[in-house]
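Notes follow once the structure below has been shown.
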Amino acid sequence: MPTAAVIGSQWGDEGKGKIIDYLATRADMVVRSQGGNNAGHTVVADGKKHALHLIPSGVLNPAADNIVGNGVVLDPEGFFDELDSLSSQGIDTSRVYVSDRAHIVFDYHKEIDRLSELKKGAAGIGTTLKGIGPCYADKTARVGIRTCDMLKPASFREKLAARIDDANGLIVKIYGGEPMDKAQMIEKYAAYAERLAPYIRDTGVLVYEAIRAGKKVLFEGAQGSLLDLDHGTYPYVTSSHPVSGGFTIGSGIGGASIGEVVGISKAYTTRVGAGPFVTELTGDMGDLIRERGHEYGTTTGRPRRCGWFDGVVVRYSARINGTTGTALMLLDVLDAFEELYICEAYEYGGKRIEHFPADLEMLDACKPVYRAIGGWMQDITSCRTYGELPEAARAYVAAVEEATGVPVKIVSVGPGREQTIVRSGIL
Ligand code: GDP
Ligand code: IMO
Ligand code: MG
């Protein structure tokens, strides 16, 4: 089956955008199924850097349809800012379609996100403040507003007015904030509704028909498995399902419709925002990874926390996603280290732990059990075949395979499309 799903195996920012863009040169359709513009996917094509948030990373391939599926939460302001920016660079955005079932992120969701983080203080999640959690909360509480609602102007205004009243109640009474201007917000989103209408489709049908016609369909994950609402480090997670199961619900297809599941992993580990991180490096080593990998958030600009490769995390991720192959990213960032470490297991209370624990207190007390591997201490950014990589780099890749139980099918040695070593074809 010529379909593949790309998921993040760690805490997001693994390089999904680069691999989607690479695979999209062969794809007929790229589908986003969860998250919203909390995602920041960087694509470097022809030396030019593009940061994508809501628009699928296949948009640089003019031959592909780009689907924003029903499981995505769509901020119209973010959507059009991004679309306009791409269009102004001469990129064809005429094949972007938005599901009629996607929920809308409104200004009050962003305000509640901000106030909720403020109230939590030091115990905050460190969200992207894009209103993602509050929007999914409304969806789950069955009071959300969907894109199909936007197609009926009069009832859309009524629904939105009622929601603004409820949101203002929460903002004022629970968070002690200022009420938001109802009339202004209604006018703002009524204008967006009009502009969004031509993009709205029953995208489930488009995806289904593409799969039935044997077209190459690529499912683009956002965030990472350890940020999954069920499987991640709860409550330090996002409010959607970045695991491969999220594609079936978030784009309306059967589970058997996904051929290959590619787990995108950094050759080390990063995370933005709060929450447990067993292999985190807080000293010079962490700083060196951050500087070499330019580890600053694509969406928020925050410095990312950095650490060694955590095999327990990626093994866990392989299990819950059914990963069939790994794309090992940013291997070049490790060029400058004499000694490298891969975490094979955790130690907790004198016992060896092989499986990622649910309990955060236990995770905080877990110590990494490392395997040391010699570095290669040379620039690998111009290697184009697996054989050209230094022996020590190949030994590192083999150690990753051993720790995770998944074959490494792609090795990435730089942000550019051409800096991609494919060991085994996907799609
Ligand atoms: P995503 O959210 O998973 O799409 O990842 P981000 O775009 O947020 O972060 C990955 C960063 O790493 C981006 O700046 C990419 O351009 C960059 N990148 C991707 N692959 C490589 C690589 O192999 N080497 C280097 N040095 N940078 C890479
Ligand atoms: P991409 O797709 C990394 C993190 C936030 C925070 C938590 C909850 O670029 O990999 P949210 O705003 O979603 O409610 O924040 O999730 N987070 C990400 N971290 N990459 C992302 O996306 C992320 N999207 C959300 O930092 O810890
Ligand atoms: Mg990112």
Side-chain angles (χ1 to χ4, degrees), residues 6-22 32 34-45 48-54 56-57 72-73 75 105 109-110 112-114 116-117 124-137 220-229 232-240 242 263-277 289 291-305 327-335 379-381 383 410-421:
V6 169
I7 54 100
S9 295
Q10 297 155 322
W11 277 284
D13 303 325
E14 298 91 346
K16 297 176 293 291
K18 168 177 163 162
I19 294 301
I20 292 286
D21 167 69
Y22 178 81
R32 269 282 301 271
Q34 44 70 229
N37 58 349
N38 50 347
H41 297 178
T42 317
V43 173
V44 180
K48 209 161 173 244
K49 196 168 169 170
H50 305 272
L52 299 156
H53 300 282
L54 257 169
S57 304
V72 172
V73 288
D75 172 355
V105 180
H109 290 126
K110 293 181 244 185
I112 292 168
D113 200 355
R114 187 183 73 80
S116 157
E117 284 287 280
I125 294 166
T127 74
T128 59
L129 305 179
K130 299 289 181 188
I132 305 298
C135 183
Y136 277 118
E220 173 176 3
Q223 287 80 50
S225 304
L226 276 289
L227 289 170
D228 184 274
L229 190 55
T233 44
Y234 190 90
Y236 299 100
V237 292
T238 192
S239 297
S240 70
I264 314 293
S265 296
K266 276 177 173 157
Y268 46 93
T269 311
T270 64
R271 115 167 262 180
V272 260
F277 184 171
I289 292 178
E291 293 320 310
R292 288 190 53 80
H294 309 290
E295 294 295 357
Y296 297 88
T298 310
T299 299
T300 58
R302 289 178 290 176
R304 294 175 183 151
R305 300 157 64 194
L328 192 66
M329 312 301 290
L330 296 108
L331 189 64
D332 55 297
V333 171
L334 302 182
D335 284 357
D379 184 346
I380 60 168
T381 55
C383 293
I410 294 176
V411 178
S412 176
V413 295
R417 271 181 188 163
E418 69 293 351
Q419 292 171 302
T420 313
I421 298 172

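Any value given below was found using the heavy atoms of this structure, including those in side chains, with hydrogens, waters and symmetry copies removed. Note that the structure is predicted; figures quoted are calculated from it, not measured. Residue numbers start at 1 and run along the sequence shown. We count ligands from 1, going down the list as the structure has it; atoms in each ligand are counted the same way.
No side-chain heavy atom of K110 sits under 4.5 Å from any side-chain heavy atom of L129. Side-chain contact between V333 and H294 is absent, with no heavy-atom pair separated by less than 4.5 Å. Contact annotation: the side chain of V237 never approaches that of I125 to less than 4.5 Å [non-hydrogen atoms, C-beta and beyond]. Between D335 and R292, the closest side-chain pair of non-hydrogen atoms falls below 4.5 Å. Contact annotation: the side chain of I7 approaches that of S225 to within less than 4.5 Å [non-hydrogen atoms, C-beta and beyond]. In this structure the side chain of I264 never reaches within 4.5 angstrom of the side chain of K18, judged on heavy atoms. Using a 4.5 Å heavy-atom cutoff, the side chains of I132 and V73 are in contact.
The set of protein atoms (N, O or S) found at less than 2.8 Å from the Mg ion (ligand 3) reads D13 OD1, G40 O, by chain and number.
Distance alone, capped at 3.5 Å, places no donor-acceptor pair between the S265 side chain and the L328 backbone. Here the side chain of Y136 pairs a donor or acceptor atom with the backbone of G35 at under 3.5 angstrom. The backbone N or O of Y268 sits less than 3.5 Å from a side-chain atom of Q10, completing a donor-acceptor pair.
L227 CD1, 3.8 Å is the protein heavy atom nearest to atom 17 (N) of ligand 2. Among protein heavy atoms, atom 15 (O) of ligand 2 sits closest to T127 CA, 3.4 Å. With hydrogens left out, the protein atom closest to atom 13 (O) of ligand 2 is T238 OG1, 2.6 Å, a heavy atom. Scanning the protein heavy atoms around atom 19 (N) of ligand 2, the nearest turns out to be V272 CG2, 3.3 Å. The protein heavy-atom contact nearest to atom 8 (C) of ligand 2 is V237 O, 3.3 Å. For atom 23 (C) of ligand 2, the closest non-hydrogen atom of the protein is Q223 CG, 3.6 Å. Nearest non-hydrogen protein atom to atom 5 (C) of ligand 2 is G126 O, 3.6 Å. Counting protein heavy atoms only, atom 20 (N) of ligand 2 is closest to D13 OD1, 3.1 Å.
A donor and an acceptor atom, one from each side chain of E418 and Y22, are nowhere located under 3.5 Å apart. Side-chain N/O atoms of E220 and S57 include a donor and acceptor closer than 3.5 Å. Checking D113 against T127 by side-chain atom types alone, a donor-acceptor pair falls below 3.5 Å.
Looking at ligand 2, you won't find any N or O of S239 less than 3.5 Å from one of its N or O atoms. The shortest N or O to N or O distance between E14 and ligand 2 is not under 3.5 Å. Ligand 2 has a nitrogen or oxygen under 3.5 angstrom from a nitrogen or oxygen of G40.
Set against the non-hydrogen atoms of I125, the atoms of ligand 2 under 4.0 Å away are 8 (C), 27 (O). Those atoms of ligand 2 with a heavy atom of A222 less than 4.0 angstrom away are 2 (O). Those atoms of ligand 2 that come under 4.0 Å of a heavy atom in A39, given as number and element, are 1 (P), 2 (O), 9 (O), 22 (O). Atoms of ligand 2 lying under 4.0 Å from any heavy atom of G273, numbered from 1 in the order shown and given with element: 27 (O). Within ligand 2, the atoms closer than 4.0 Å to a non-hydrogen atom of W11 are 3 (C), 19 (N), numbered from 1 in the order shown.
Using a 4.0 Å cutoff on heavy atoms, G224 does not count as a contact of ligand 2. Put simply, part of H41 is less than 4.0 Å from ligand 2, judged by heavy atoms. Using a 4.0 Å cutoff on heavy atoms, K16 counts as a contact of ligand 2.
Residue contacts with ligand 2, taken as heavy atom pairs separated by less than 4.0 Å, involve R302 solely via side-chain atoms from C-beta onward. Contact annotation: for N38 versus ligand 2, heavy atoms closer than 4.0 Å belong to both the backbone and the side chain. Contacts between Y236 and ligand 2, counted as non-hydrogen atom pairs separated by less than 4.0 Å, are absent for every part of the residue.
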Would you mind writing out a table of all protein N or O atoms found under 3.5 Å from any N or O atom of ligand 1, naming both atoms and giving the distance to 0.1 Å?
residue: ligand 1; atom: 2 (O); partner: D13; partner atom: OD1; Å: 3.4
residue: ligand 1; atom: 2 (O); partner: G40; partner atom: O; Å: 2.8
residue: ligand 1; atom: 3 (O); partner: E14; partner atom: N; Å: 3.1
residue: ligand 1; atom: 3 (O); partner: G15; partner atom: N; Å: 2.9
residue: ligand 1; atom: 3 (O); partner: K16; partner atom: N; Å: 2.8
residue: ligand 1; atom: 3 (O); partner: K16; partner atom: NZ; Å: 2.9
residue: ligand 1; atom: 4 (O); partner: K16; partner atom: N; Å: 3.3
residue: ligand 1; atom: 4 (O); partner: G17; partner atom: N; Å: 2.8
residue: ligand 1; atom: 5 (O); partner: G15; partner atom: N; Å: 3.3
residue: ligand 1; atom: 7 (O); partner: T42; partner atom: N; Å: 2.8
residue: ligand 1; atom: 7 (O); partner: T42; partner atom: OG1; Å: 2.5
residue: ligand 1; atom: 8 (O); partner: D13; partner atom: OD1; Å: 3.0
residue: ligand 1; atom: 8 (O); partner: G40; partner atom: O; Å: 2.8
residue: ligand 1; atom: 8 (O); partner: T298; partner atom: OG1; Å: 3.0
residue: ligand 1; atom: 8 (O); partner: R304; partner atom: NH2; Å: 3.2
residue: ligand 1; atom: 23 (O); partner: L330; partner atom: N; Å: 3.0
residue: ligand 1; atom: 23 (O); partner: S412; partner atom: O; Å: 3.2
residue: ligand 1; atom: 23 (O); partner: S412; partner atom: OG; Å: 2.5
residue: ligand 1; atom: 23 (O); partner: G414; partner atom: N; Å: 3.0
residue: ligand 1; atom: 23 (O); partner: G414; partner atom: O; Å: 3.3
residue: ligand 1; atom: 24 (N); partner: D332; partner atom: OD1; Å: 2.8
residue: ligand 1; atom: 24 (N); partner: G414; partner atom: N; Å: 3.3
residue: ligand 1; atom: 26 (N); partner: D332; partner atom: OD2; Å: 2.8

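Test T298, T270, T269 against R304 for side chain to side chain donor-acceptor pair (under 3.5 Å) and you get one pass: T298.
Between D332 and S412, the shortest heavy-atom contact is OD1-O, 4.0 Å. Q34 and S240 make their closest contact through NE2-OG, 3.1 Å (heavy atoms, listed as atom of the first residue, atom of the second, distance).
Residue pairs that meet the salt bridge (Lys or Arg N to Asp or Glu O under 4.0 Å) test with at least one member in residues 267-276, sequence neighbours left out, do not exist here.
Salt-bridge annotation for K130 and D75: absent, with no side-chain N of the basic residue lying under 4.0 Å from a carboxylate O of the acidic one.
Residues that satisfy the side-chain hydrogen bond (donor to acceptor under 3.5 Å, both in side chains) test with K48, not counting sequence neighbours, are Q89.
Around the OH atom of Y234, the shell of radius 6.0 Å holds no more than 12 heavy atoms that belong to other residues, nucleotides or ligands.
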